Amino acid sequence: MIDAFSYAGSPARIVFGDGSRSKVAEWIVTAGCKRALVLATPHQRADAEALATEIGSLACGVFTGATMHTPVDVTETAMRMVAETEADCVVSLGGGSTTGLGKAIAYRTDLLQIVVPTTYAGSEVTPILGQTEGGRKTTVRDARILPEIVIYDPTLTHGLPVSMSVTSGLNAMAHAVEGLYARDRNPISTLMALEGLRAFSRSLPKIAEKPNDAGARSDALYGAWLCGTVLGTVGMALHHKICHTLGGSFDTPHAETHAVMLPHTAAFNAKAATAELAPVAKLFAGSIGAGLWDFAKSIGAPLSLKEFGLTEADLDRAASIAVENPYWNPRPIDRDSIRALLQEAWEGRRPAD
């Protein structure tokens with residue numbers, strides 16, 4: 001018997017395949033735009049400038065100030081360039097940081113977004129914006145935030161370092177794991193979550209062993225689309241609340257924080273969502289928390305918050321912030337339980353079976 005549910009599919013246009021990056025100009029025209037502002041991080045300046053050259057007269061400028069956690073002051077600087085160039089769309093080339101900036105611009109202007117992902121973040125298919133101001137990271141969900149066109153070209157991820165591939169993939173996997181026990185989950189989101197997790201379970205070990213494995217790279221990007229789409233259709237819970245707290249208030253690296261926290265938050269919630277997480281436990285050697293921890297270790301992911309420079313005193317403050325305006329969660333939370341969970345993640349302890 002299927003329980004009653006509500007499902008709204010993502011209206012984003014997905015373009016997937018090797019070489020699809022060459023179609024950026026075509027999609028700008030198809031969307032009815034004429035002046036595209038190319039966005040990137042400082043690290044990807046050369047790639048962004050090359051893309052602008054490929055786009056030709058359709059490119060009105062390049063902004064390469066995107067950074068982690070989407071600081072509001074960076075968005076305001078980019079907004080001035082949007083106005084100066086009279087851009088009618090943005091093309092975001094890169095990972096979650098660049099996608100976040102494009103979303104922040106669109107939230108303020110409703111400009112059309114085209115995203116060309118080069119990592120496995122998955123945020124490019126969600127209507128969710130996380131932005132930081134005054135040492136706090138907040139999220140907002142709005143239809144204007146969802147990018148209209150996403151161009152997935154697996155060849156662009158071939159040069160992604162193994163360490164970034166691993167943490168980016170685990171970040172995306174966290175979207176799917178939370179989607180399985182989300183209050184507003186539905187049969188379609190569950191199917192997509194499990195398929196996305198399967199894609200990463202088989203692709204990330206191959207990438208760790210052979211970074212240029214074209215099949216594994218394609219499989220991982222497919223998984224990123226699926227896991228991100230799940231996050232875009234259901235609500236977030238404890239895992240994302242903690243990661244937003246750590247990233248926004250302590251400036252911990254985004255994907256790495258998700259990678260460390262995932263086994264611990266999954267184990268915590270498994271006590272209240274055993275049936276929902278059972279397929280994942282089966283996928284990872286029969287144990288959700290320990291299985292994910294073992295998987296992360298086997299592919300060289302970071303395992304402790306201590307590696308990011310956090311102190312035990314920081315954990316006290318983080319626990320207090322995390323229980324302020326908490327997201328819905330299948331298992332009740334309180335400051336003491338969150339503080340204990342953070343301690344285990346800080347030490348890098350393997351969750352109990």
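Everything numeric here is computed off the predicted structure, so don't read it as measured data. Hydrogens, waters and symmetry mates play no part in the numbers below; they use all other heavy atoms, side chains included. All residue numbers in this chain count up from 1 along the given sequence.
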Could you tell me which non-hydrogen atom of [X] sits nearest to which non-hydrogen atom of [Y], and how far apart they are?
X: Val125; Y: Thr229; value: CG2-N, 3.3 Å
X: Ala12; Y: Pro147; value: CB-O, 3.5 Å
X: Val260; Y: Ala345; value: CG1-O, 3.9 Å

If we ignore hydrogens and angles and just use 3.5 Å, is the side chain of [X] paired with the main-chain N or O of [Y] as donor and acceptor?
X: Thr132; Y: Gly248; value: no
X: Lys103; Y: Arg144; value: no
X: Arg331; Y: Phe268; value: yes
X: Arg217; Y: Pro211; value: yes
X: Ser218; Y: Ala214; value: no
X: Ser165; Y: Leu160; value: yes
X: Glu86; Y: Val82; value: no
X: Gln113; Y: Cys89; value: no
X: Arg35; Y: Asp88; value: no
X: Ser249; Y: Gly135; value: yes

[X]-[Y] side chain donor-acceptor pair, cut-off 3.5 Å:
X: Arg335; Y: Ser320; value: yes
X: Tyr181; Y: Asn269; value: yes
X: Tyr107; Y: Gln131; value: no
X: Thr265; Y: His239; value: yes
X: His244; Y: Lys137; value: no

Are [Y] and [X] connected into the same hydrophobic cluster when the rule is that any two of I, L, V, M, F, W, Y join if their side-chain heavy atoms are below 4.5 Å apart?
X: Met81; Y: Leu112; value: no
X: Val177; Y: Trp225; value: yes
X: Trp293; Y: Met261; value: no
X: Leu37; Y: Met79; value: yes
X: Val90; Y: Leu129; value: no

Spatial distance of atom CG (Leu194) from atom CG (Leu180) [nearest 0.5 Å]
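One finds 5.0 Å between CG of Leu194 and CG of Leu180.
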If I take atom CD1 from residue Ile114 and atom CD1 from residue Ile149, how far apart are they, to the nearest 0.5 angstrom?
4.5 Å
Would you say [X] has more than 12 foreign heavy atoms packed within less than 6.0 Å of its [atom1]?
X: Arg13; atom1: CZ; answer: no
X: Glu133; atom1: CD; answer: no
X: Met164; atom1: CE; answer: no

Just grab all the side chain to side chain donor-acceptor pair (under 3.5 Å) pairs involving [range], residues at least two apart or on different chains.
range: residues 272-285; result: Arg185-Glu276
range: residues 39-60; result: Arg21-Glu54, Gln44-Thr118, Arg45-Thr64
range: residues 193-213; result: Glu195-Arg198, Glu195-Tyr222, Arg202-Asp219

Would you check if Asp294 and Phe284 make a side-chain contact, meaning some heavy-atom pair closer than 4.5 Å?
no
Hey, are Asp153 and Lys23 close enough for a salt bridge, meaning a charged N less than 4.0 Å from a carboxylate O?
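Not counted as a salt bridge, because no side-chain N and carboxylate O are separated by less than 4.0 Å.
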Kindly write out the residues that satisfy side chain to side chain donor-acceptor pair (under 3.5 Å) with Asp314, not counting sequence neighbours, or none if the list is empty.
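Once residues adjacent in sequence are excluded, the partners of Asp314 under the side chain to side chain donor-acceptor pair (under 3.5 Å) criterion are Thr311.
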With sequence neighbours excluded, tell me which residues meet side chain to side chain donor-acceptor pair (under 3.5 Å) with Ser337.
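So Ser337 forms a side chain to side chain donor-acceptor pair (under 3.5 Å) with Asp334.
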Begin from the C-alpha positions of Glu324 and Arg136 and carry the test salt bridge (charged side-chain N to carboxylate O under 4.0 Å, His left out) through to its verdict.
CA-CA 12 Å; Glu324 295 175 3; Arg136 292 293 179 97; 3.1 Å; yes
Quiz: residues 91-102 side-chain donor-acceptor pairs under 3.5 angstrom, not counting sequence neighbours:
unit_1: Ser97; atom_1: OG; unit_2: Met68; atom_2: N; d: 3.4
unit_1: Thr99; atom_1: OG1; unit_2: Gly95; atom_2: O; d: 3.1

If we check side chain to side chain contact (heavy atoms under 4.5 Å, CB included) with Met236, which of these qualifies: Thr126, Ile128, Asn329?
Ile128
Would you kindly check if the NZ (Lys) or CZ (Arg) of Arg317 is within the cone defined by 45 degrees around the ring axis of Phe250 and under 6.0 Å from the six-membered ring centre?
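Yes - Arg317 lies over the ring of Phe250, closer than 6.0 Å to its centre and within 45° of its axis.
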Verify whether the ring centers belonging to His258 and His240 lie closer than 6.0 Å.
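They qualify: ring centres under 6.0 Å apart.
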